[in-house]
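Worksheet for the structure shown next.
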Amino acid sequence: MTLQDKMHNYAELIVKFGVNVQKGQDLVVSSSIETAELVREVVKQAYNVGAKHVHVYWNDEETRLIELLNAPEEALQDVQQWIPDSLAKLADEKAAFLFLNSTSPFLYEDVSAERMTLYRQSRAISNQEFQEKYMARQWCIIAAPSPKWAAVVFPDMPVDQAVDKLWERIFYAVRLEQENPVDAWKEHLQTLRDKVEFLNKKHYRRLHYTGPGTDLTVDLPKKHLWASADKVTEEGVYCCVNMPTEEVFTTPSKFGVSGKVRNTKPLNYGGNIIDGFTLTLKEGRIVDYSADQGEELLKGLIDTDEGAHYLGEIALVPHRSPISDLNVLFYNTLFDENASCHIAIGRGLPMCIEGGFDMTPEEMEANEANISMTHVDFMIGSAELSIDGELEDGTLEPLFRNGNWAH
């Protein structure tokens with residue numbers, strides 16, 4: 001089977017299963033120009049299943065790099081609001097959304113942390129309404145290689161071979177190589193739902209994390225819910241929001257996190273690397289931090305807004321998982337977070353609070369969830385991570401041992 005054939009099958013899986021485009025529905029695709037070939041396959045598949053319109057929002061990282069290095073400082077804060085406004089309007093019209101990730105690690109390493117922070121903060125503000133709206137719709141995040149990304153993941157290969165190798169790894173991670181990928185996905189997601197059901201029945205009040213550089217206590221909201229990447233919209237339409245996915249996740253209590261946590265994989269923060277970092281939290285708030293690489297970028301992330309000083313997600317992923325077993329550092333959160341337990345700085349997740357999608361931000365905060373313009377996952381899992389769940393009566397139960405489920 002040729003690469004073109006596999007991309008065709010990948011696009012079909014994405015459209016029919018991942019984002020699950022419905023007849024007469026609009027699809028919005030956000031992608032780099034580096035992955036145009038896959039986008040064209042997606043557009044064909046979307047129209048094949050009866051999409052009304054397919055809107056493609058292209059971006060070019062090299063052009064953005066030129067802007068970040070050369071534009072006047074005030075221009076970095078001057079967002080073309082018509083773009084997020086048009087996306088929010090499409091969300092109101094119940095469009096489906098596909099985000100195609102191919103960010104090149106280290107691309108923006110020559111851009112100062114101050115300019116990157118200005119750029120990201122202004123866009124976080126402008127996109128806030130859209131982000132709140134699309135999360136209630138069908139959406140899916142996927143990935144495709146760019147030459148620069150592939151060259152970082154496989155630095156000892158010629159670039160064309162590295163791209164082919166990264167395609168192979170992506171196809172494996174999304175189960176495209178299995179005899180019936182859709183059936184394989186249904187079986188896998190049922191396994192994750194079983195974990196969700198177990199955790200929701202346990203309804204732990206607190207989790208205790210211990211590992212190299214990590215000693216963290218995480219309280220859970222009284223109305224917390226565990227979830228996985230499959231969801232059903234209010235219209236009853238199913239989708240899978242991340243492909244690949246190996247996680248089950250919930251939202252921590254905003255003021256209930258204390259201790260220290262250290263990352264175990266580099267964080268590709270939109271084309272910049274942050275690594276070797278430790279956060280210290282007291283009553284939920286990040287009160288201290290340090291990083292071996294990208295400390296000013298980490299500071300900018302935490303200073304995005306007041307909510308970025310708190311956590312919005314905790315996710316459980318076994319160390320022994322298909323992606324982890326590849327033993328590849330992807331420098332891409334979509335993949336690395338599904339090879340490792342992770343947590344997120346910033347916005348809490350409405351699907352992880354009972355009735356969260358019907359709550360105002362004030363009501364979410366009243367139910368112990370954090371509100372922020374940003375949400376950034378980073379990896380904390382390893383073969384040495386242990387997690388205990390604490391029941392309402394104070395009983396501790398092993399949840400993870402040696403990085404894997406204890407049951």
Mind telling me whether H224 and H203 have parallel, tilted or perpendicular rings, with 30° and 60° as the class edges? parallel
Distance alone, cut at 3.5 Å: any donor-acceptor contact between the side chains of S146 and E34? no
Any carboxylate oxygen within less than 4.0 angstrom of a Lys/Arg side-chain nitrogen, looking at R193 and D230? yes
Pairs where residues 260-300 contributes a residue and the test ring pair (Phe, Tyr, Trp, His ring centres under 6.0 Å) is met, not counting sequence neighbours: F277-F378
E114/K299 salt bridge by N-O under 4.0 Å criterion: no
So that I can tick it off, tell me whether E62 and K148 are bridged by a salt bridge, with the cut-off set at under 4.0 angstrom between side-chain N and carboxylate O. yes
Taking the six-membered ring of W167 as reference, does the cationic atom of K6 (NZ for Lys, CZ for Arg) lie under 6.0 Å from its centre and within 45° of its axis? no
Just jot down the side chain to side chain donor-acceptor pair (under 3.5 Å) partners of D85, sequence neighbours excluded, or say none. Q81
Answer yes or no for R115 and Y119: cation-pi contact, defined as NZ/CZ to six-membered ring centre under 6.0 Å and angle to ring axis within 45°. no
Which class fits the ring pair W139 and Y134: parallel under 30°, tilted 30 to 60°, perpendicular over 60°? perpendicular
Distance alone, cut at 3.5 Å: any donor-acceptor contact between the side chains of T333 and D336? no
Check: E397/Y204 side-chain N/O donor and acceptor closer than 3.5 Å: yes
Answer yes if the ring centres of W149 and Y331 are under 6.0 angstrom apart, and no otherwise. no
Determine, for E234 against R137, whether the closest basic-nitrogen to carboxylate-oxygen distance falls under 4.0 angstrom. yes
Hey, are D325 and R169 close enough for a salt bridge, meaning a charged N less than 4.0 Å from a carboxylate O? no
Test ring pair (Phe, Tyr, Trp, His ring centres under 6.0 Å) on H319 and F400; report intermediate values, then the result. CA-CA 10 Å; H319 180 67; F400 265 56; over 10 Å; no
Should the pair K254 and Y310 be classed as cation-pi, given the thresholds of under 6.0 Å to the six-membered ring centre and 45° from the axis? yes
Quick test of your reading of the model: are K223 and E354 salt-bridged, counting only N-O distances below 4.0 Å? no
Would you call R175 and E246 a salt bridge, using N to O less than 4.0 angstrom? yes
Establish, from distance only, whether the side-chain atoms of S86 and Y57 form a donor-acceptor pair under 3.5 Å. yes
Whether the N242 and N338 side chains hold a donor-acceptor pair (N or O, under 3.5 Å, no angle test) is what I'd like checked. no
Heavy-atom count check: over 12 atoms from other residues, nucleotides or ligands less than 6.0 Å from K133 NZ? yes
